[in-house]
Amino acid sequence: MVSPVEILSREIEHHLNAPALVRPCTDPRLGDFQANGVLAAAKQRGQNPRALAEQIVTRLSLADVCEPPEVAGPGFINFRLKPSFVAQQLRSMMSDERLGVAPASPAETIVFDFSGPNVAKQMHVGHIRSTIIGDALARVARYLGHRVITDNHLGDWGTQFGMLIVGWNRFRDDAALQRDPLSELERLYREVNARPELREEARAELVKLQRGDPANRAIWQHILDLSRHAFDEIYEKLGVRFDFTLGESFYNPMLPDVVKELLDCGIARVSDGAVCVFAADQPTPLIIQKSDGGYGYGTTDLATVKYRVENWRPHRIVYVTDARQQLHFKLVFATVRRWLPNPPHLEHVAFGSILGEDGKPLRTRSGENIKLRELLAEAEERALTIATSKNPHLPEDQRREIAQVIGIGAVKYADLCQNRTTDYVFSWDKMLALDGNTAPYLQYAYVRIRSIFRKAGLSVVPVPSQLEFQDASELDLGKHLLRFRDVLYDVLADYKPNWLTAYLYELAGKFTAFYDRCPVLASPEPTRQQRLAMCQLTGNVLRTGLDLLGIRVLEQM
RNA sequence: GCGCCCGUAGCUCAGUUGGAUAGAGCAGCGGAUUUCUAAUCCGCCGGUCGCGUGUUCGAAUCACGCCGGGCGCACCA
């Protein structure tokens, strides 16, 4: 299925020989779509934009698609879709399992690298954005037909293990470890860190670990297992899955070769005792081997790219991490481009910090990072309170199910609905609000749709042979549904999940306007069947869209 | 000191890459319910897009300079 934007663009570009730049109209009174491309083309050619637009308009043959296009302002072309065309497009969307979203061509292999928590530490709010944004983008890419590989690059190797092993040997409390492994591991780290006299011992244990000492290796493995188990509980709750979890330790054996290669081909050189890669325009180098012979995470990142390239042959690797690592990735990417032949596109999808309502980085009152596990538990608890007050008659297990879907969905949506590049202020009240641009609002719209079907005793309705729009809100809803495909492509092109949330929020709004004005079940045939079909399609788009954000829907709430 | 990001309504934020009269939500005010879940809908109020100069048919968007905030800058990740 071809979207309205594509149809308009092709026809315009056929006559303009330049990008049509078709966008939804800034003001719906002007039409449904506007083409901005004539202005740019006219400027480039030194022509009068208005005259060029008039000329193009006379040549367009879009009589089946829209009303006669109008030239407006300095040279915009405005288009208003014909209801008959909208109806026809909607009907083909209804009969398409993919909701009119044609798979990307060509399909790419894309690696998404996100989440990446450090072992032996609890996941905290700092990990939530990477995990949620990365998961959503991967889902969108997969839906668009790309071959997607998600990889959780765990911080499971490094100097902290010297301390942890000393703590493990000297201070371990097995009962506490049983109860809450990560809290206990954090305590062990703090115990050792607070004792400067143990520093030498920690260094020695680290060296033993790195040399493959079986006892230390076993402790490390145990710590890794405990951590991964704890992470999995959180990923399970969030509904996030990874195709691979290849942590830093996996690449450790490859690091000497990476350094050797880069030295051999002259990309790296020794400076102040460290092996460095200097980029032309950067004052600071990427250090790939420290003067003491150790390796930093830059070397690991290089080895990781190489491994991925050799094993998965990706077109793109997308790193979803916070904006502070920008310089680091710039250096790594620059090195890769000089090092590997035909390197993949490397993208750093950066995001801002989560702030408290005081505008400072979000922390507990005592100044610690807020644990993700506790945050999610609180979200569910707050959602349960609301669900109980709204629907006290529902059985408790159902209210708990609702609370889980609403609570987790609210946390995710609050994060996804903002432009990821800016910092965002975390607020329970806003994310769980019953109205406004929130997950519960969208989930509620879906529930209302399901309720209609429940009341009608139907599970699905067939595609109607005709669609008529009696009320303006029906046509408005229909036109918005047709934009789903374009939105998904835009989301992936700029890695901006907030465009999908904005679309779905508008969709829910247009649906509720329709719901308010257009009775469904009480309408006579064939209106009843047609409206049921519109409800069904809206529900499918809402459910699919939310699913691409990693957010679940409910039958009742 | 150098670099990156940001500054839009009282608050939280959009703004599709230079397009038309800058949009939402919240808060505030006013309305709507014999109808499919009111966790709803409709209306009103609210702006020197940090400031200035420039680029051009056109700037919240691009360039330069200020002001203010955040972050990063050789051996932590």
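Each chain gets a letter, A, B and so on, in the order its sequence line appears, and its residues count up from 1. Below, each value reflects all heavy atoms present in this structure, side chains not excepted, and no hydrogens, waters or symmetry copies. Not measured: the values here are computed from a predicted model.
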Pairwise P distance for G58(B) and U12(B), with rounding to whole Å | 35 Å
Looking at Y441(A), does any N or O in its side chain come under 4.0 Å of the phosphate oxygens OP1/OP2 on A38(B)?
-> no
Which part of the nucleic acid does D490(A) contact within heavy-atom distance under 4.0 Å: base, sugar-phosphate only, or nothing?
-> base
Determine whether the aromatic ring centres of F250(A) and Y307(A) lie less than 6.0 Å apart.
-> yes
In whole angstrom, what separates L504(A)'s CG from A24(B)'s C1'?
-> 15 Å
What nucleic acid atoms does N78(A) come within less than 4.0 Å of, heavy atoms only: base, sugar-phosphate, or nothing?
-> base
Is R50(A) reaching over with its side chain to a backbone N or O of G73(A), donor-acceptor style, under 3.5 angstrom?
-> yes
Taking the side chain from R80(A) and the backbone from R29(A), do they hold a donor-acceptor pair closer than 3.5 Å?
-> yes
Answer for the Watson-Crick or wobble partner of U21(B), both distances under 3.5 Å, is none
Hey, does the side-chain of K43(A) have a donor or acceptor N/O within less than 3.5 Å of a partner on the base of G19(B)?
-> no
Looking at N36(A), does any N or O in its side chain come under 4.0 Å of the phosphate oxygens OP1/OP2 on G18(B)?
-> no
Looking across every strand, which nucleic acid part, if any, lies under 4.0 Å from T26(A) by heavy atom: base, sugar-phosphate, or nothing?
-> base
Between C13(B), A39(B), A20(B), spot the one nearest the side chain of L30(A), thanks.
-> A20(B)
Which one, A74(B), G15(B), A20(B), comes nearest to the side chain of I287(A)?
-> A74(B)
For C36(B), which nucleotide is its Watson-Crick or G-U wobble mate, given both distances must be under 3.5 Å?
-> none
Atom CZ of R420(A) and atom C1' of C13(B) are separated, to the nearest Å, by 16 Å
Contact under 4.0 Å: W157(A) side-chain N or O vs A77(B) OP1/OP2 = no
Can you tell me the distance, in whole Å, between the CG atom of L355(A) and the P atom of G7(B)?
-> 14 Å
Please state whether the phosphate of A38(B), meaning OP1 or OP2, lies under 4.0 angstrom from any side-chain nitrogen or oxygen of R448(A).
-> yes
Give one of base, sugar-phosphate or nothing for R517(A), where a contact means two heavy atoms less than 4.0 Å apart.
-> nothing
Take atom NE2 of H328(A) and atom P of C4(B), then tell me their distance rounded to the nearest Å.
-> 19 Å
Expressed in whole Å, how much space separates the C1' atoms belonging to A14(B) and A24(B)?
-> 7 Å
Distance-only donor-acceptor test (3.5 Å): side chain S271(A), base A74(B) | yes
How far, in whole Å, is U56(B) from C29(B) if one measures between their P atoms?
-> 50 Å
Have a look at A323(A) and say if it touches a base, only the backbone sugar-phosphate, or nothing, with a 4.0 Å heavy-atom cut-off.
-> nothing
When you compare C45(B) with C11(B), how far apart are their C1' atoms, in angstrom units rounded to a whole number?
-> 15 Å
Sugar-phosphate only, base, or nothing, as touched by D423(A) at under 4.0 Å among non-hydrogen atoms | sugar-phosphate
Identified pairing partner of G47(B), criterion: Watson-Crick or G-U wobble below 3.5 Å | none
Taking atom C1' in both C66(B) and G72(B), compute the distance separating them and give it to the nearest angstrom.
-> 23 Å
Answer yes if the side chains of H328(A) and Y297(A) hold a donor-acceptor pair under 3.5 Å, and no otherwise.
-> yes
Considering only side-chain heavy atoms of R483(A), which listed nucleotide, A39(B), C76(B), U16(B), is closest?
-> U16(B)
Per nearest nucleotide of RNA chain B, the residue lying toward the 5' end, A387(A) or G155(A), is A387(A)
Can you tell me the distance, in whole Å, between the NE2 atom of H348(A) and the P atom of C5(B)?
-> 13 Å
Is the backbone N or O of P526(A) less than 3.5 Å from a side-chain atom of Q529(A), with the two atoms forming a donor-acceptor pair by type?
-> no
Have T527(A) and Q470(A) got a donor and an acceptor in their side chains that come within less than 3.5 Å?
-> yes
Taking the six-membered ring of F231(A) (Phe, Tyr or Trp), confirm whether the NZ or CZ of R228(A) is under 6.0 Å from its centre and within 45° of its axis.
-> no
Nucleotide nearest N419(A) when distance is taken to its side chain, options G70(B), U12(B), G15(B) = G15(B)
Counting any heavy atom closer than 4.0 Å, what does E248(A) reach on the DNA or RNA strands: base, sugar-phosphate only, or nothing?
-> sugar-phosphate
A9(B) pairs with, by Watson-Crick or G-U criteria that keep both distances under 3.5 Å = none
Nearest-neighbour nucleotide for the Q34(A) side chain, G70(B), G19(B), C73(B) considered = G19(B)
Contact class for Y446(A) vs. all strands (heavy atom < 4.0 Å): base, sugar-phosphate, or nothing?
-> nothing
Select one nucleotide: of C6(B), A74(B), A38(B), the one nearest the side-chain heavy atoms of Y515(A).
-> A38(B)
Measure from the side-chain heavy atoms of T512(A) and tell me the nearest of A39(B), U40(B), C4(B).
-> U40(B)
Taking atom P in both G7(B) and G15(B), compute the distance separating them and give it to the nearest angstrom.
-> 10 Å
State whether the distance check finds a donor on one side and an acceptor on the other, under 3.5 Å, for side chain D516(A) versus base A32(B).
-> no
Could you work out which one of C4(B), U16(B), C36(B) sits closest to the side chain of I452(A)?
-> C36(B)
Side-chain N or O of N498(A) less than 4.0 angstrom from OP1 or OP2 on G15(B)?
-> yes
Regarding the side chain of T284(A), the nearest nucleotide among A20(B), C73(B), U16(B) is C73(B)
Separation of atom CD in Q325(A) from atom C1' in C73(B), rounded to whole Å | 14 Å
With a cut-off of 6.0 Å (strictly less than), are more than 12 heavy atoms of other residues, nucleotides or ligands near CZ of R454(A)?
-> yes
Can you tell me the Watson-Crick or wobble partner of G30(B), both distances under 3.5 angstrom?
-> C42(B)
Classify the nucleic acid contact of A72(A) as base, sugar-phosphate or nothing, counting any heavy atom under 4.0 Å across all strands shown.
-> base
Test D32(A) against every option in K479(A), R483(A), R23(A) by the salt bridge (charged side-chain N to carboxylate O under 4.0 Å, His left out) rule and name the one that passes.
-> K479(A)
Nearest-nucleotide 5' precedence on RNA chain B, R23(A) against D27(A) = R23(A)
Does OP1 or OP2 of C26(B) have a side-chain N or O of S427(A) closer than 4.0 Å?
-> no
Whole-Å gap separating C1' (A14(B)) and OH (Y503(A)) = 18 Å
Spacing of I354(A) atom CD1 relative to C6(B) atom P, expressed in whole Å = 18 Å
Proximity to the side chain of F76(A) - top-ranked nucleotide from A77(B), G19(B), A38(B) = G19(B)
Aromatic Y446(A) / basic R543(A) pairing, under 6.0 angstrom, 45° off normal | no
A27(B) and G46(B): how far apart are their C1' atoms, nearest whole angstrom?
-> 11 Å
Re G1(B): Watson-Crick or G-U wobble partner, both distances kept under 3.5 Å, found to be C73(B)
Provide the Watson-Crick or G-U wobble partner of A59(B), both distances under 3.5 Å; none if there is no partner.
-> none
